[in-house]
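Data first, discussion second: the structure below is written as structure tokens.
What you see is a predicted model; the values in this text were computed from it and never measured. The sequence lines fix the lettering, A, B, ..., with proteins before strands; numbering per chain opens at 1. Values below: all heavy atoms of this structure, side chains included; hydrogens, waters and symmetry mates excluded.
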Amino acid sequence: MARYILGRLLSAIPTLFLIVTISFFLIRVAPGGPFDLERPLEAKVMENLQRIYQLDKPLWQQYLLYLKSVASGDFGPSFYFRDFSINELFAASLPISIKLGASALLLALVAGGFMGMIAALRQNRSTDYAMMAAATIGVTIPNFVVAPLLTLFFGVWLGLLPVGGWNNGAAQNMILPIITLALPQIAVVARLTRGSMIEALRSNHVRTARAYGLSNYAVVVVHSLRGAILPVISYLGPAAAALLTGSVVIETIFGIPGVGRYFVQGALNRDYTLVMGTVVMVAVFVIVFNLIVDVLYALLDPRVRYD
Amino acid sequence: MTVKDTNDRGAVLDIRRLTVDFDTPTGTVKAVRGVDISVSKGETVAIVGESGSGKSQTMMAAMGLLAENGRTKGEVLYRGDDILGLPAKRLNRIRGAKITMIFQEPMTSLDPLYTIERQLCEPMVEHGGYSWSAAKKRALELLQLVQIPSPEGKLKGYPHELSGGQRQRVMIAMSLANDPDVLIADEPTTALDVTTQARILELLADLQKRLGMAVVFITHDLGIVRQIADRVYVMKDGEVVEEGEAESLLTSPKHPYTKMLLDAEPEGRKDAVPDNRPIVLEGQKLSVAFDIGGGFLKAPQVLKAVDDVTLTVREGQTLGIVGESGSGKSTLGRALLQLLPHQGRVRFSGHDISNAGKREMRPLRREMQLVFQDPFGSLSPRMTVGQIVTEGLLVHEPGLSAKERDKRACKVLEEVSLDPVMRNRYPHEFSGGQRQRIAIARTMVLKPKLVVLDEPTSALDRTIQKQIVELLRKLQADHGLTYLFISHDLAVVRALADQVMVMQHGRIVEAGETEAIFEHPVKDYTRELIAAAWQNLEPISGN
């Protein structure tokens, strides 16, 4: 297993290299540059800026310089947030996004899994229909609608929770963003769990468990749920990568200094290094979570082996 | 073993006037209509019937294992107490402890995610008052009891690491764990190879003698009934049509349905084909190898699925290829049709087609067709029967008008004795036997020369099998077809084949004229297969 993990991590290097290369040149193709403001800068100032940020060099040279600094873990200075390096920006904002995303993920797994399981056990009865209707609503209503509604209800009318702000990660500030982030995931997890759980409950080995008079817990949790959770896990890998790297909408609405904003800000401001930084960050998350999913799969299902 | 009166008070399990109804969107299906079945201590009772007769549902209902939409009425008395419809909690004191079950599907009846040990121990801890460590000790004893090789290693293993026969032995071990009074065996050997089947039956009979439990054996195979049952119930359409002591019932059946079941062995022989007919298919020194491991720095591991096989089939002949699962018989069929890369030469009607490409094969494909084992999985559920049957014509006769294709579909459906009106229906509306007829029609519409039939009758009831065998013989006679008939079922092969080839581990064990092979087998393996197939009671070597 250790060998397998090592192999997978090594094979991520060429993948990352390709991603860096493609996105480096793609962002350069976009018209405009980091210093093209509405009122053009003086030619002399522009020249100085270009020199400082090494934009005056030929593109291939810039590319090699960037590769070199990325290889040493330095994502370069931000072109827009002039006093910060990309590493500093991420160091401040990524933990916030991860904290929110991880909480939302956990909530989605627990609540969605539970809902899906109950719905499967009460298949085609009112509980099932209610759960699945709720799940459909969860998927269809976009987060930019859910977030203001939640704020209005809990923040303004009831006055129970703050309407926004991070407040150094105080619990009451996290509740609404987490719920907003988690709702669609809860819905998807519930639907997936329900589907695979229904299949599991009808399987022959569950019939065996029933025929041998095992307790309800053993039948449902031990023999059905463990198998039924496998498709959920393969869904959650990429979903986790997306959740942990922040959400522009939620960070904007709740005023949270997470990493999600940088996706939009970087692109709009032609902040080359920031865009590259976010791309690499997402790629790393996707690669790592896919690996985690595969390892979890092997741990849960003895038929899967990576030797 | 003593045979007791049905009304004996000593019945351990006594099912009275049991009915099972299923509510379906199209109305109520009466699966079981008032059945009385009883079994006494130490007795083996067989419930016989074809698929859909309600034999399994009777016992499932007794054990509270019906699907959600099932409703029951009547009584199921276990030692005098009615257990029918008890809530799961109270029923669980009996099932798994006093009444246990083994199932038809050894491959899927065990949870793939847990070790054999854990699954064996669960019912013991649940019912038998064992601690986990005591249960583990007993699990080992149980595996020894059911004669699994190297039981210590198997305990830590997972179901997928065991063969079908071994998994069924594990299920048997599990069923015995809490010293049950009644063991319900639902077609426990149907999914197994004949030789494995014989060994499992022996094991069950032996265990019953030693442990003295009652056995309810659900089966469609009268050969098994003859071998193990004291009393027999014959079920049809949810009712018991005949019951009685095994011997008298099997020798002098009263009900016409029982007579028909007993009569359902495939009959007749194929007319011989003169040896001067042109050769249709010829294979020389065929081998197929699969990579099963090895890697970058490891030596490659190769499984020789087919190993140096040579065969010749003449026009109008049937070559029966016989062997157990894993013997390479299906792989051989596929290699001959150029569906798998192989070594050696294959000639079809004089053309060398060894490892021919897709493009070269396409015109020949029409002349060489394939019918599969699983009539449920091999027809597209989203196409009508008419579309399925004529799909091949779209490729091989693209010029045909839709009307002309429809006409051909009608004609070929008539030929396989299906009503052409049914061509607008979908496969799920047909029974297994009808589906197999559709699959045969699909090949016949192309007027092939050679048809490879890969276990076409294995998933069917005996009476249906008989009809399919007769249909195949008729089509062959009418169209001068050449068959390659792959099967593990020797009775069917005997009724169809001119030549027989027995395969084991990818090699030919024995080959020759059908009658010669069946009457005077030379090799031990062939003898063992024949003995197992006809349920001879003589001891089987190599247990």
Side-chain angles (χ1 to χ4, degrees), chain A residues 3-4 6-8 10-11 118-129 194 196-233 296-307, chain B residues 59-60 62-69 87-116 118-120 122-128 156-161 167 170-171 174-175 177-178 180 184 186 293 295-296 298:
Chain A
R3 268 186 64 147
Y4 171 77
L6 191 70
R8 281 281 293 267
L10 285 177
S11 75
I118 298 296
L121 290 173
R122 304 259 181 289
Q123 196 199 345
N124 294 341
R125 290 194 222 149
S126 46
T127 327
D128 179 24
Y129 293 137
R194 175 182 180 269
S196 51
M197 188 79 185
I198 285 173
E199 204 178 306
L201 286 171
R202 285 187 190 150
S203 67
N204 286 332
H205 67 261
V206 170
R207 181 187 59 189
T208 306
R210 283 194 212 283
Y212 279 82
L214 300 188
S215 65
N216 226 352
Y217 173 82
V219 172
V220 173
V221 177
V222 178
H223 289 288
S224 308
L225 191 60
R226 180 165 163 190
I229 213 77
L230 288 172
V232 178
I233 284 171
L296 268 180
Y297 235 91
L299 291 178
L300 283 173
D301 189 340
R303 288 166 297 182
V304 179
R305 282 275 164 270
Y306 301 121
D307 304 329
Chain B
M59 297 322 289
M60 289 291 176
M63 294 287 276
L65 293 174
L66 285 182
E68 288 259 308
N69 60 344
K89 251 204 180 112
R90 290 186 49 203
L91 194 55
N92 281 351
R93 282 182 220 152
I94 291 162
R95 56 180 184 186
K98 296 295 159 201
I99 309 179
T100 56
M101 279 189 97
I102 52 180
F103 300 98
Q104 179 173 359
E105 307 87 352
M107 305 313 274
T108 53
S109 292
L110 293 165
D111 193 331
L113 305 185
Y114 296 94
T115 59
I116 300 297
R118 151 126 207 188
Q119 296 188 58
L120 271 176
E122 267 185 315
M124 289 191 256
V125 175
E126 183 81 30
H127 305 294
K156 302 290 174 212
Y158 289 91
H160 70 276
E161 294 161 348
R167 289 187 216 190
V170 170
M171 280 303 296
M174 197 162 149
S175 73
N178 290 317
I184 300 168
D186 187 357
F296 184 52
K298 279 184 251 169

Checklist line | Contacting moiety of Glu126(B), where chain A heavy atoms sit under 4.5 Å | finding: side chain
Checklist line | Contact class of Arg118(B) relative to chain A, heavy atoms under 4.5 angstrom | finding: side chain
Check: Would you find more than 12 non-hydrogen atoms of other residues, nucleotides or ligands less than 6.0 Å from Asn124(A) atom CG?
Finding: yes
Item checked: Part of Glu68(B) lying under 4.5 Å from any heavy atom of chain A -> side chain
Next item on the list: Below 4.5 Å from any heavy atom of chain A, which atoms of Leu113(B) appear? Answer side chain, backbone, both or neither.
Entry: both
Notebook entry, point to check: What closest approach, in Å, do Pro112(B) and Pro302(A) show between heavy atoms, and which atom pair accounts for it?
Noted result: O-CG, 3.2 Å
Next item on the list: First locate atom NE2 of His127(B), then atom CG of Leu214(A), and finally report the distance between them rounded to the nearest 0.5 Å.
Entry: 6.0 Å
Check: Is the number of heavy atoms from other residues, nucleotides or ligands under 6.0 Å of Arg8(A) CZ greater than 12?
Finding: yes
Note to self: Looking only at the aromatic ring of each residue, does the gap between the centers of His223(A) and Tyr114(B) stay below 6.0 angstrom?
What the structure shows: yes
Checklist line | Any Thr208(A) side-chain heavy atom under 4.5 Å of Met174(B) side chain | finding: yes
With a cut-off of 3.5 Å and sequence neighbours excluded, list every side-chain donor-acceptor pair involving residues 100-109 of chain B.
| unit_1 | atom_1 | unit_2 | atom_2 | d |
| --- | --- | --- | --- | --- |
| Thr100(B) | OG1 | Ser175(B) | O | 3.0 |
| Glu105(B) | OE1 | Arg207(A) | NH2 | 2.8 |
| Thr108(B) | OG1 | Asn204(A) | ND2 | 2.6 |
| Ser109(B) | OG | Glu105(B) | O | 2.7 |

Checklist line | Which atoms of Val222(A) approach chain B - backbone, side chain, both or neither, heavy atom under 4.5 Å | finding: both
Item checked: Separation of Arg210(A) CZ from Met63(B) CE (nearest 0.5 Å) -> 13.0 Å
Notebook entry, point to check: Above 12 or not: heavy atoms from other molecules or residues under 6.0 Å from CD of Glu199(A)?
Noted result: no
Next item on the list: Give a yes or no on this: more than 12 heavy atoms of other residues, nucleotides or ligands lie within 6.0 Å of atom CZ of Arg125(A).
Entry: yes
Note to self: Less than 4.5 Å to any heavy atom of chain B: does that hold for the side chain of Ser215(A), its backbone, both, or neither?
What the structure shows: both
Margin query: Only pairs of heavy atoms separated by less than 4.5 Å count here; which of Leu91(B), Asn92(B), Ile94(B), Asp111(B) has the most with chain A?
Written below: Asp111(B)
Item checked: Any side-chain heavy-atom pair of Glu122(B) and Tyr212(A) under 4.5 Å -> no
